[in-house]
Amino acid sequence: MPEYEFVDVYVPRGVSRKDATRLLTDHAEYGHWELDRLRLDPDGSRRVRLRRRIIRQLRATW
C-alpha cells in the first residue's frame, strides 16, 4: 500500500480562480504534488489538501 505525505494550502477569497490555478499548478509541477481534496467555504475561500507519494529507499545488502 503506498504511503503519502500531505500539505494543506489555504487560498483566501480575494484570490482569483486563475491565480489559484497557477498556484496549484506550480505545486504540482515543481513539488510533484497532486490534488487530494478541495473544499470551497461559504465565504469564497478555498482549502486545498495536496498529497505526494513517499518513495522509500531499500537498503542494499551485499
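- Judged as a side-chain contact (heavy atoms from CB on, under 4.5 Å), and not counting sequence neighbours, the contacts of Ile54 are Glu3, Glu5, Arg56.
- Annotation: Tyr10, atom OH; neighbour count of heavy atoms from other residues, nucleotides and ligands within 6.0 Å is above 12.
- Contacts of Glu29 classified as salt bridge (Lys or Arg N to Asp or Glu O under 4.0 Å), with partners at least two apart in sequence or in another chain: none.
- Tyr4 is not connected to Val7 by any chain of hydrophobic side-chain contacts under 4.5 Å among Ile, Leu, Val, Met, Phe, Trp and Tyr, and they are in different clusters.
- The shortest non-hydrogen separation linking Arg53 to Pro2 is NE-CB, 3.4 Å.
- Atoms CZ and CH2, from Phe6 and Trp33 in turn, are 9.0 Å apart once rounded to the nearest 0.5 Å.
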Contacts table for residues 39-51: side-chain donor-acceptor under 3.5 angstrom, sequence neighbours left out:
from	atom 1	to	atom 2	distance (Å)
Arg39	NE	Asp41	OD1	2.9
Arg39	NH2	Asp41	OD1	3.1
Asp41	OD2	Ser45	OG	3.2
Asp41	OD2	Arg47	NE	3.1
Asp43	OD1	Ser45	N	3.1
Asp43	OD1	Ser45	OG	2.8
Arg49	NE	Asp8	OD1	3.0
Arg51	NE	Glu34	OE2	2.7
Arg51	NH2	Glu34	OE2	3.0

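- Closest approach of Asp19 and Val15 over heavy atoms only: CB-CG1, 3.7 Å.
- Here the CG-NE2 distance, from Leu35 to His27, works out to 11.5 Å after rounding to the nearest 0.5 Å.
- Here the closest heavy-atom approach between residue Ala20 and residue Val11 is recorded as CB-CG1, 4.1 Å.
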